[in-house]
Amino acid sequence: MPVEHRVAARGRLRARVVGVVAGRVSVPGMGQEGEGGASGRGRCVGWPALDERRGPLQASLGTLGQRLQPGMADSAQAQKLVYLVTGGCGFLGEHVVRMLLQREPRLGELRVFDRHLGPWLEELKTGPVRVTAIQGDVTEAHEVAAAVAGAHVVIHTAGLVDVFGRASPETIHEVNVQGTRNVIEACVQTGTRFLVYTSSMEVVGPNTKGHPFYRGNEDTLYEAVHRHPYPCSKALAERLVLEANGREVHGGLPLVTCALRPTGIYGEGHQIMRDFYRQGLRLGGWLFRAIPASVEHGRVYVGNVAWMHVLAARELERRAALMGGQVYFCYDGSPYKSYEDFNMEFLGPCGLQLVGARPLLPYWLLVFLAALNALLQWLLRPLVLYAPLLNPYTLAVANTTFTVSTDKAQRHFGYEPLFSWEDSRTRTILWVQAAGSFAQ
Ligand SMILES: NC(=O)C1=CN([C@@H]2O[C@H](COP(=O)(O)OP(=O)(O)OC[C@H]3O[C@@H](n4cnc5c(N)ncnc54)[C@H](O)[C@@H]3O)[C@@H](O)[C@H]2O)C=CC1
Ligand SMILES: C[C@H](CCCC(C)(C)O)[C@H]1CC[C@H]2[C@@H]3[C@H](O)CC4=CC(=O)CC[C@]4(C)[C@H]3CC[C@]12C
């Protein structure tokens, strides 16, 4: 049985705690050198601008960033570190938690903060690392501050991922923007110096004009204009994180931040993939092509995204001057394909077929159906939540080429994908098969 008690670190915290544990270690090779400049700042149409008074993004910390905090020496013998993962029970968060347990040799305590704690935390009960599960809400500043207090590193992955109109724009803003602001302020107040933020490719695009982003990198010029609450919130939150780089935290040292921008994540736990699989099963094993095969959509395996988070968090201290205030796309060797063709890499081996070499419906009809769905959602909202996959926004994203090709993370902190495409594919197929067997 988990030991459940209320945590009372600095102030009032409604938090339940499960003491648990796990695993072991390996250290990857490192890259060197560096560069400056973070690009891709978006404009949110119809959303409030951030407070600009804090001044421009701080690109470099110079030698300040190299100063060590007590307990942050670069050796496995050094004092063990306390990590906090917000959103640690989500799709990505769970992989980050497991990856930290396996591959962060300096991990002493792992705090998993989430609104909904997963039962799988129970299985982490044995091992040398103390795992503390904290049930809390990032929109509650005091809960966040209590969870952050005493942590060396925060990986802030909690977020409301909603492009289907399930939540209101205000709620999305509250969780993604105010929640991030709370995390930053908690770091500043409690003296936590290292913050890795899970941003999104959506901070850049696709934009509202449907411009293709083809094999782009962090410096590619692109007109980032958003209307949808989700990308708007991610863009605003990312900006908060980057602008916080260099702020003095309690104790006088500077905060070091960076943001990682995954493209569409896939892998074990990917609910939309599971939904497509179930839909295909319901349709007798068929899925119907809606998007031209020529529209390429960037995808990245969740294990590699988690790995990049762990590496970035680990290296932020040593490479503060280089990495502080920087953004990195999350990429790996996954092939460039259309959204549907890519899904078929997993759903095909699970017995589904994609019908049509070309879209079966003309694009104008899809646009019409997407608009109709949006209208129905609005009309039905007082009665029932109608949130289908197809809406004007998801259609625009799926129908716009957005692919990333970059080695910035490799050059800055030695990131190489941990999982090959073949491994990523196999793991995902096994998960889809297992998830599908629980489906009906
Ligand atoms: N799924 C994707 O393809 C991509 C996701 N991202 C970002 O990655 C992060 C994780 O996304 P996923 O794992 O896909 O989503 P998810 O919904 O599976 O995980 C998010 C986690 O945050 C938690 N959470 C939500 N609101 C919270 C709150 N108010 N307080 C505390 N915890 C809260 C949820 O309970 C959940 O466990 C998000 O920040 C998202 O914006 C970025 C790019 C692509
Ligand atoms: C649900 C979409 C595919 C359905 C298209 C249809 C109805 C014609 O078959 C998904 C297509 C692209 C996805 C998004 C993309 O991968 C980027 C994302 C990044 C994030 O940060 C969050 C998730 C998402 C917005 C992702 C959501 C589903 C799609 C829109």
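Because only heavy atoms are used, hydrogens play no part in the values below, and waters and symmetry mates are left out as well, while side chains stay in. Just so you know, ligand 1 is whichever comes first in the structure, and atom 1 is the first atom listed for that ligand.
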Heavy atom of [X], distance to ligand 1 below 4.0 Å:
X	result
Tyr230	yes
Ser199	yes
Thr263	yes
Cys89	yes

Starting from [atom], locate the nearest protein heavy atom and write down its residue, its atom name and how far away it is, to 0.1 Å.
atom	answer
atom 4 (C) of ligand 2	Phe276 CZ, 4.0 Å
atom 29 (N) of ligand 1	Asp137 OD1, 2.8 Å
atom 30 (N) of ligand 1	Val138 N, 2.9 Å
atom 18 (C) of ligand 2	Glu202 OE2, 3.8 Å
atom 2 (C) of ligand 2	Thr394 CB, 4.1 Å
atom 28 (C) of ligand 1	Arg115 CD, 3.3 Å
atom 5 (C) of ligand 2	Ala398 CB, 3.9 Å
atom 27 (C) of ligand 2	Val163 CG2, 3.8 Å
atom 6 (C) of ligand 2	Leu390 CD1, 4.6 Å
atom 16 (P) of ligand 1	Phe91 N, 4.0 Å
atom 9 (O) of ligand 2	Glu340 OE2, 3.9 Å
atom 28 (C) of ligand 2	Ile272 CD1, 3.7 Å

Parallel under 30°, tilted from 30 to 60°, perpendicular over 60°: which one fits the rings of [X] and [Y]?
X	Y	result
Tyr415	Phe413	tilted
Tyr266	Tyr301	tilted
His297	Tyr339	perpendicular

Which is closest to [atom] in terms of heavy atoms, [options]?
atom	options	result
atom 9 (C) of ligand 1	Thr157, Thr86, Ile265	Thr157
atom 43 (C) of ligand 1	Pro262, Ala167, Gly93	Pro262
atom 26 (N) of ligand 1	Asp114, Val96, Ile172, Val175	Val175
atom 25 (C) of ligand 1	Pro231, Gly136, Gly159	Gly159
atom 3 (C) of ligand 2	Phe342, Tyr339, Phe402, Phe288	Tyr339

Rounded to the nearest 0.5 Å, what separation is found between the [atom1] atom of [X] and the [atom2] atom of [Y]?
X	Y	atom1	atom2	value
Gln326	Arg319	CD	CZ	13.0 Å
Gln377	Arg166	CD	CZ	9.5 Å
Leu389	Asn373	CG	CG	9.5 Å
Leu395	Tyr363	CG	OH	4.0 Å
Cys350	Ile429	SG	CD1	6.5 Å
Phe368	Leu361	CZ	CG	12.5 Å

Problem set entry | Heavy-atom check, side chain of Tyr277 versus side chain of Asn343, under 4.5 Å | no
Exercise. Taking the six-membered ring of Tyr328 as reference, does the NZ or CZ atom of Lys408 fall below 6.0 Å from its centre and within a 45° cone about the axis?
Worked result: yes
Give the atom numbers and elements of ligand 1 that come within less than 4.0 Å of a heavy atom of [X].
X	answer
Gly90	18 (O), 19 (O), 21 (C), 36 (C), 37 (O)
Ser200	42 (C), 43 (C)
Thr198	7 (C), 8 (O), 9 (C), 39 (O)
Gly87	21 (C), 22 (O)

Exercise. If you measure only the distance, is there a donor-acceptor pair under 3.5 Å linking the side chains of Asp423 and Thr426?
Worked result: no
Exercise. Just by distance, do the side chain of Arg289 and the backbone of Gly356 share a donor-acceptor pair under 3.5 Å?
Worked result: yes
For this session: Could you tell me whether some N/O pair between Leu92 and ligand 1 is separated by less than 3.5 angstrom?
Result: yes
Exercise. Is the closest N or O pair between Thr139 and ligand 1 shorter than 3.5 Å?
Worked result: no
Which one holds for [X] and ligand 1: side chain close, backbone close, both close, or neither close, with close meaning a heavy atom under 4.0 Å?
X	value
Tyr197	neither
Lys234	side chain
Val161	side chain

Exercise. Any nitrogen or oxygen of His297, main chain or side chain, under 3.5 Å from a nitrogen or oxygen of ligand 2?
Worked result: yes
Exercise. Just distances here: any N/O of Tyr230 and N/O of ligand 2 closer than 3.5 Å?
Worked result: yes
Exercise. Counting each atom of ligand 2 from 1 as listed, which ones have a heavy atom of Met201 under 4.0 Å away?
Worked result: 17 (C)
For this session: Below 4.0 angstrom from a heavy atom of Ser200, which ligand 2 atoms are there? Numbered from 1 as shown, please.
Result: 19 (C), 20 (C), 21 (O)
Problem set entry | More than 12 heavy atoms from other groups under 6.0 Å of CG on Leu221 | no
For this session: Please check if atom CH2 in Trp378 has more than 12 non-hydrogen atoms from other residues, nucleotides or ligands closer than 6.0 Å.
Result: no
For this session: Indicate, as side chain, backbone, both or neither, the part of Lys234 found under 4.0 angstrom from ligand 2 when only non-hydrogen atoms are considered.
Result: neither
Any Lys/Arg nitrogen of [X] or [Y] sitting under 4.0 Å from an Asp/Glu carboxylate oxygen of the other?
X	Y	result
Glu185	Arg247	yes
Arg261	Glu238	yes
Arg98	Glu123	yes
Arg314	Glu104	yes
Glu345	Arg299	no

